[in-house]
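Bear in mind the structure is a predicted one, so any value in this text is a computation, not a measurement.
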Amino acid sequence: MHTKLQSLILIVALTTATSASPSDREPLAAMLDRVGGEPLPAPEDAKNESGLRPLLWPVREVPQFVVGSRYFAEKRLSDGTATAEQARKLFAEQCLAEGGRMEPAESNAAKMFADWATTDRLPTTRQYKHRWLSITGLCTTGPDRFLGGFYAAIFDTTGVATDGDIGSRVMMRAFPIKTLTTIYIFQGEQITRQWQNAKFDEQHRAARLRADHAEEVKLTAELRGGVKVGSETNCGTVIEVRPPLVQIAVPATMQTPNGQATFWSRIDRLVPHGFGALCSFGLCVRRQNIRHNSRRRLAECGPRQGVDVRRRTCGAASADVRWSVA
């Protein structure tokens, strides 16, 4: 009898949990009732719908993140993002009603979420004036705590009617191609966990970079202050010392600019072996900061500290600091 009663209670509990709406389980999902739209098509049903399949990546790749979704297929001749922008506005209102606030788009957390939700998720090619777009938003309740995330993916066909040739515009008005929009609400706990993991990883990566830099500075100072015949550098072995110069013999696998097996270098430009720096053959190299497109030229004749990118002495740049969210 006791066992039967426990089983009955368990069945009732499971039934209640299953019947709970998304808005009951996740407050921000309640805004979907105001958005309208239709349930998402099943991924296997989207094969014949041009442009739709890429918009369904969240339910294929991270279904545990999704607490609510909507789908729109609209005949629009302009402003293909109107539905997504309206949905984001309703998300912001729901966020405020639940005691949260929208994270500023320029904040690190909002950028992290946007990068995770948009980078390499949608096709980058634009064909026949069609384009794939995305809109994101993040609701927070305080430092490192998030109520949920908003993500809209759009297959915008309005460019055919506005930017196409005469024939395309006429055909678009007579037989409009639908603009497709998918709206997703992502679970706040999952986003909070990802953000905290990203910060933890970043702190460790930054600590490793600082430790590597300190070691490089120390070993560089030791090499330059006590250089002698037999000292190993990133270019080869020191075979003669004539302060302020040294002669270096390069390995057989390396070739100097003039084709010789040795070259002379200033002592204050030596780099210890084992740091992965490229050999500059004693020259003071200047190189553009291509990764950040800042167009600055950096003289690389000594160890340099930086916030995001560290440049090794007369060599290649070290690893930069980036968010990585799985």
So Phe263 and Pro257, do their side chains get closer than 4.5 Å, heavy atoms only? no

What do the steps show when you test Phe91 against Cys139 for side-chain contact (heavy atoms from CB on, under 4.5 Å), and what is the final call? CA-CA 9 Å; Phe91 176 83; Cys139 179; 3.9 Å; yes

Joint hydrophobic cluster, Met254 plus Trp264, side-chain heavy atoms closer than 4.5 Å: no

Between Glu232 and Thr237, is there a side-chain donor-acceptor contact under 3.5 Å, judged purely by atom types and distance? yes

Just by distance, no angles: are the side chains of Gln260 and Thr256 close enough, under 3.5 Å, to form a donor-acceptor pair? no

Between Arg101 (side chain only) and Cys95 (backbone N and O only), is there a donor and an acceptor less than 3.5 Å apart? no

Are side-chain heavy atoms of Arg266 and Arg269 found at a separation under 4.5 Å? yes

Is it true that the side chains of Asp144 and Trp195 contain a donor and an acceptor less than 3.5 Å apart? yes

Where Leu270 and Ser265 come nearest, the two heavy atoms and their spacing: CD2-OG, 4.0 Å

Determine yes or no for a side-chain-to-main-chain donor-acceptor pair under 3.5 angstrom, with Arg121 supplying the side chain and Leu55 the backbone. no

Could you walk me through whether Lys218 and Glu216 satisfy the salt bridge (charged side-chain N to carboxylate O under 4.0 Å, His left out) test, starting with their C-alpha distance in whole Å, then the side-chain angles of each, then the deciding distance to 0.1 Å, before giving a yes or no? CA-CA 5 Å; Lys218 175 176 176 292; Glu216 179 182 351; over 6 Å; no

To the closest 0.5 Å, what do you measure between OG1 (Thr158) and NZ (Lys178)? 16.0 Å

Should we say atom CG of Asp120 is surrounded by more than 12 heavy atoms from elsewhere, each under 6.0 Å from it? no

If you measure from CZ on Phe146 to OG1 on Thr192, what distance do you get to the nearest 0.5 Å? 6.0 Å

Show your working on side-chain contact (heavy atoms from CB on, under 4.5 Å) between Ile248 and Val246 and close with a plain yes or no. CA-CA 6 Å; Ile248 298 175; Val246 293; 4.2 Å; yes

Residue pair Thr262 / Gln247: nearest heavy atoms and the distance that separates them: OG1-NE2, 3.2 Å

Gap between atom CD of Glu222 and atom OG1 of Thr220 - 0.5 Å precision: 9.0 Å

Single-linkage hydrophobic cluster, 4.5 Å side-chain cutoff, Leu223 and Leu245 together: no

Kindly determine whether Glu85 and Lys89 satisfy salt bridge (charged side-chain N to carboxylate O under 4.0 Å, His left out), including the steps that lead there. CA-CA 6 Å; Glu85 292 287 2; Lys89 180 180 177 181; over 6 Å; no

Which of Val67, Leu28, Val66, Leu147 passes side-chain contact (heavy atoms from CB on, under 4.5 Å) with Gln187? It is Val67

Answer yes if the side chains of Gln190 and Gln194 hold a donor-acceptor pair under 3.5 Å, and no otherwise. no

Closest approach of Ala110 to Ala105 (non-hydrogen atoms, all atoms of both residues): CB-O, 3.8 Å

Run the side-chain contact (heavy atoms from CB on, under 4.5 Å) test on Tyr184 and Val59 for me, step by step, so that the C-alpha distance in whole Å, both residues' side-chain angles and the decisive distance to 0.1 Å come before the verdict. CA-CA 9 Å; Tyr184 298 92; Val59 292; 3.9 Å; yes

Using every non-hydrogen atom in the two residues, find where Gly236 and Pro251 come nearest and quote the distance to one decimal. CA-CD, 4.2 Å

Any chance you could measure Thr157, atom OG1, to Leu180, atom CG, to the nearest 0.5 Å? 7.5 Å

Enter the distance from Ile154:CD1 to Glu74:CD here, rounded to the nearest 0.5 Å. 10.0 Å

Going by the angle between their ring planes, with limits at 30° and 60°, are Trp132 and Phe155 parallel, tilted or perpendicular? tilted

Within-4.5 Å side-chain heavy-atom neighbours: Arg145 and Gln196: yes

Ring-ring centroid check Trp116 Phe65, cutoff 6.0 Å: yes

Shortest non-hydrogen separation from Leu138 to Gly148 and the atoms involved: CD1-O, 3.6 Å

Side-chain donor or acceptor of Arg224 paired with backbone N/O of Asp268 under 3.5 Å: yes

Find the distance between CE (Met31) and CZ (Arg88) and round it off to the nearest 0.5 Å. 10.5 Å

Are the side chains of Thr233 and Pro272 in touch, meaning some heavy atoms are under 4.5 Å apart? no

So, do Trp57 and Tyr151 have ring centers that fall under 6.0 Å from each other? yes

Is it the case that Ser134 and Thr118 place a side-chain donor and acceptor less than 3.5 Å from each other? no

How close do Thr141 and Gly100 get, heavy atom to heavy atom, and via which atoms? CG2-CA, 4.4 Å

If you apply the rule side-chain contact (heavy atoms from CB on, under 4.5 Å), what do you find for Ile183 with Phe72, and how did you get there? CA-CA 8 Å; Ile183 306 293; Phe72 298 83; 3.9 Å; yes

Single-linkage hydrophobic cluster, 4.5 Å side-chain cutoff, Ile239 and Val250 together: no

Could you walk me through whether Asp33 and Arg70 pass the salt bridge (charged side-chain N to carboxylate O under 4.0 Å, His left out) test, one step at a time? CA-CA 9 Å; Asp33 297 333; Arg70 287 293 187 273; 3.7 Å; yes

